[in-house]
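What follows is a single structure, written as structure tokens, with notes after it.
Numbering of residues begins at 1 and proceeds along the displayed sequence. Small disclaimer: the values here were computed from a predicted structure and weren't measured.
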Amino acid sequence: MRLYLAAAVLLLALVAYTEAQDDTIAEKFSNFGDQVTEFGKNVAEKAKTHFDNFRTSEFAENTSNWFREQFQKIKSKIDEISQ
């Protein structure tokens, strides 16, 4: 009788311990959703920072100016041909 009682108490203690340690499925999904949201915000912020750095870089400005000059040259040649 004592053995059964001791085994039951140990089993209850084990169940109580494991329930206290594990999160519920809902909590796990909630935590996962929060982690995904945080990851998305971090990626978006880093992408925005890098895009702004690229957009204001010397290479981007020189390339943009070159395309504008080429477009103006083509536009002026078309105007000369059409007159």
Separation between CD1 (Ile78) and NZ (Lys73), nearest 0.5 Å, reads 14.5 Å
Separation between OG1 (Thr63) and CD (Glu61), nearest 0.5 Å, reads 10.0 Å
Check your understanding: If you draw a 6.0 Å radius around CD in Gln70, do more than 12 non-hydrogen atoms from other residues or ligands fall strictly inside?
Key -> yes
NE2 of His50 to CZ of Arg55, rounded to nearest 0.5 Å, is 15.0 Å
_Other residues, nucleotides, ligands: >12 heavy atoms within 6.0 Å of Glu58 CD_ = no
The remaining residues in the hydrophobic cluster of Phe32, counting side-chain heavy-atom contacts under 4.5 Å among Ile, Leu, Val, Met, Phe, Trp and Tyr, are Val36
Here the gap from Lys46 atom NZ to Asn42 atom CG, rounded to the nearest 0.5 Å, amounts to 6.0 Å
dist Phe59:CZ -> Ser64:OG (nearest 0.5 Å) comes out at 11.0 Å
